[in-house]
A.B. asks: 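Handing you this structure, nothing more for now.
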Amino acid sequence: MSLIHLEVVSKFYRVGDQEIRALDSVDLRIEEGEFVAIIGPSGSGKSTLMHLLGCLDAPTSGRMEICGNDLSQASQNRLAEVRNREIGFVFQAFNLLPKLDVVHNVELPLVYSGLPASERRARAEKAARDVGLGDRLANRPVQLSGGQCQRVAIARALVNNPRIVFADEPTGNLDSATGEMILQMFKDLNTGGKTIVLVTHDPDIARISRRVIEIRDGKIRREYAP
């Protein structure tokens with residue numbers, strides 16, 4: 001069974017009396033342990049596809065299975081349950097809370113897990129150390145560089161030990177040298193067994209993956225090995 005399986009999936013939005021087809025009859029499989037890049041220009045549908053794959057939304061029609069769960073018509077609560085258990089996110093803008101230190105930012109996905117506070121903190125500290133932030137645990141985002149902020153975001157994405165990590169333009173706010181360092185972290189995570197789905201508009205960034213899926217006008221136009 002594929003880790004991600006989309007079969008004739010479409011996503012429509014209605015704006016006034018106009019129907020917008022953000023995704024149109026998409027078929028897609030992603031296997032466990034893959035490193036896939038989803039590439040396309042602005043408005044191509046790649047962000048909508050990531051929202052579906054990341055269990056942030058359900059399709060309008062078609063079949064969607066994520067980690068063995070049929071989410072074709074899932075409620076927001078059901079999507080949140082699978083998302084919190086199986087998926088980690090890394091975003092271009094980091095999305096860190098400015099008043100919290102590194103450990104508390106990393107700990108956020110565990111708040112609703114039911115774990116004791118001491119165990120949550122221990123797991124957050126380990127995740128932060130694993131990405132090279134052992135000497136920055138008490139720092140707030142304003143005291144960190146852009147690369148360090150993105151490391152916090154990666155630690156936060158990994159703290160629940162998800163099966164899939166989604167990275168949405170993760171180097172967009174970083175200089176080229178720092179961006180290469182962050183991309184190497186994703187390659188290392190994949191080598192360690194994590195399934196990585198990287199969303200980007202940049203073909204050069206997509207080349208670090210093992211399979212590129214190009215999307216345009218809401219449809220998958222081609223797939224290729226970089």
A.B. asks: Side-chain contact, heavy-atom cut-off 4.5 Å: Val90 with Ile182?
C.D. replies: no
A.B. asks: Between Glu180 and Ala177, is there a donor-acceptor pair closer than 3.5 Å when you use the side chain of the first and the backbone of the second?
C.D. replies: no
A.B. asks: Using modelled atom types only, decide if a donor and an acceptor are shared between the side chain of Asn160 and the backbone of Pro162 within a distance under 3.5 Å.
C.D. replies: no
A.B. asks: Please determine whether side chain to side chain contact (heavy atoms under 4.5 Å, CB included) holds for the pair Glu34 and Arg29, giving the CA-CA distance in whole Å, both sets of side-chain angles, and the decisive distance to 0.1 Å.
C.D. replies: CA-CA 10 Å; Glu34 277 201 275; Arg29 288 181 182 269; over 6 Å; no
A.B. asks: To the nearest 0.5 Å, what is the distance between CG (Asp57) and CE (Met50)?
C.D. replies: 11.5 Å
A.B. asks: Is a side-chain donor or acceptor of Ser44 paired with a backbone partner of Asp217 at a separation under 3.5 angstrom?
C.D. replies: no
A.B. asks: Measuring from Cys55:SG to Asn69:CG, what's the distance to the nearest 0.5 Å?
C.D. replies: 7.5 Å
A.B. asks: For Leu3 and Ile164, what are the C-alpha separation, side-chain angles and deciding distance, and is it a side chain to side chain contact (heavy atoms under 4.5 Å, CB included)?
C.D. replies: CA-CA 9 Å; Leu3 195 63; Ile164 310 168; 3.5 Å; yes
A.B. asks: Just by distance, no angles: are the side chains of Asn77 and Ser75 close enough, under 3.5 Å, to form a donor-acceptor pair?
C.D. replies: no
A.B. asks: Mind checking the CG-CZ spacing from Leu198 to Arg207? Nearest 0.5 Å is all I need.
C.D. replies: 13.0 Å
A.B. asks: Is the shortest distance from a Lys or Arg side-chain nitrogen in Arg221 or Glu214 to a carboxylate oxygen in the other one below 4.0 Å?
C.D. replies: no
A.B. asks: Under the side chain to side chain contact (heavy atoms under 4.5 Å, CB included) rule, what do Leu23 and Ile215 come out as? Steps first, then yes or no, please.
C.D. replies: CA-CA 9 Å; Leu23 287 178; Ile215 184 167; 3.5 Å; yes
A.B. asks: Side-chain contact, heavy-atom cut-off 4.5 Å: Leu79 with Gln76?
C.D. replies: yes
A.B. asks: Return the CG to CD1 distance between Leu183 and Ile208, rounded to the nearest 0.5 Å.
C.D. replies: 4.0 Å
A.B. asks: What about Phe89 and Leu96, same hydrophobic cluster or not, with Ile/Leu/Val/Met/Phe/Trp/Tyr joined at side-chain heavy-atom distances under 4.5 Å?
C.D. replies: no
A.B. asks: With a 3.5 Å distance limit and no angle check, can you tell me whether Thr48 reaches the backbone of Ala22 through a side-chain donor-acceptor pair?
C.D. replies: no
A.B. asks: In terms of hydrophobic clustering (I, L, V, M, F, W, Y; side-chain heavy atoms under 4.5 Å; direct or indirect links), are Phe186 and Ile30 co-clustered?
C.D. replies: no
A.B. asks: Which atom names give the shortest non-hydrogen contact between Ser2 and His5, and what distance separates them?
C.D. replies: CB-CB, 4.4 Å
A.B. asks: For residues Pro109 and Arg156, determine if any side-chain heavy atom of one lies less than 4.5 Å from a side-chain heavy atom of the other.
C.D. replies: yes
A.B. asks: In this structure, which one of Lys126, Glu119, Arg120 forms a side-chain contact (heavy atoms from CB on, under 4.5 Å) with Arg123?
C.D. replies: Glu119
A.B. asks: Got a donor-acceptor contact below 3.5 angstrom from the Asn105 side chain to the Val102 backbone?
C.D. replies: no
A.B. asks: Is it true that a side-chain atom of Gln18 and a backbone atom of Val15 form a donor plus acceptor pair closer than 3.5 Å?
C.D. replies: no
A.B. asks: Measuring from atom CZ of Arg85 to atom CD1 of Ile66, what distance do you get when rounded to the nearest 0.5 angstrom?
C.D. replies: 12.0 Å
A.B. asks: Do the side chain of Asp70 and the main chain of Ser72 share a donor and acceptor less than 3.5 angstrom apart?
C.D. replies: yes
A.B. asks: Could you tell me which non-hydrogen atom of Gln148 sits nearest to which non-hydrogen atom of Leu133, and how far apart they are?
C.D. replies: O-CD1, 3.9 Å
A.B. asks: Any side-chain heavy-atom pair from Asp27 and Ile220 closer than 4.5 angstrom?
C.D. replies: no
A.B. asks: Could you go step by step and tell me if Val103 and Arg121 meet the side chain to side chain contact (heavy atoms under 4.5 Å, CB included) rule?
C.D. replies: CA-CA 7 Å; Val103 172; Arg121 183 173 182 85; 3.5 Å; yes
A.B. asks: Please answer whether the main-chain N or O of Glu32 pairs with a side-chain N or O of Thr195 as donor and acceptor at a distance below 3.5 Å.
C.D. replies: no
A.B. asks: Spell out, yes or no, whether Met181 and Leu189 are grouped together once hydrophobic residues are joined by side-chain heavy atoms under 4.5 Å, including indirect joins.
C.D. replies: yes
A.B. asks: With side chains defined as the heavy atoms from C-beta onward, is the minimum distance between Arg151 and Asp130 less than 4.5 Å?
C.D. replies: no
A.B. asks: Within a strict 4.5 Å, meaning less than it, do heavy atoms of the Phe35 and Thr191 side chains meet?
C.D. replies: no
A.B. asks: Search all heavy atoms of Leu97 against all heavy atoms of Leu108 and return the closest pair with its distance.
C.D. replies: CD1-CD1, 3.7 Å
A.B. asks: Does the side chain of Ile205 reach to within under 4.5 Å of the side chain of Thr171, using non-hydrogen atoms?
C.D. replies: yes
A.B. asks: Grab the two heavy atoms, one from Leu158 and one from Lys194, that are nearest each other, plus how far apart they are.
C.D. replies: CD2-CE, 4.3 Å
A.B. asks: Any donor-acceptor pair under 3.5 Å linking the side chain of Gln150 with the backbone of Pro170?
C.D. replies: yes
A.B. asks: Short question: side chain of Asn190, backbone of Gly33 - any donor-acceptor pair under 3.5 Å?
C.D. replies: yes
A.B. asks: To the nearest 0.5 angstrom, please state how far the CZ atom of Arg63 sits from the CD atom of Gln73.
C.D. replies: 10.5 Å
A.B. asks: What are the two closest non-hydrogen atoms of Pro98 and Pro141, and how far apart are they?
C.D. replies: O-CD, 3.7 Å
A.B. asks: Treat each ILVMFWY residue as a node, draw an edge where side-chain heavy atoms are under 4.5 Å apart, and state whether Leu100 and Val131 are in one component.
C.D. replies: no
A.B. asks: Of all the heavy-atom pairs spanning Arg211 and Pro226, show the shortest one and how long it is.
C.D. replies: N-CD, 4.0 Å
A.B. asks: Does Phe94 share a hydrophobic cluster with Phe91, counting links as ILVMFWY side-chain heavy atoms below 4.5 Å and allowing steps through other members?
C.D. replies: no
A.B. asks: Is any side-chain heavy atom of Glu125 closer than 4.5 Å to one of Leu137?
C.D. replies: yes
A.B. asks: Within the supplied structure, the quantity of interest is the number of heavy atoms (other residues, nucleotides, ligands) at a distance under 6.0 Å from Glu31 CD; does it exceed 12?
C.D. replies: yes
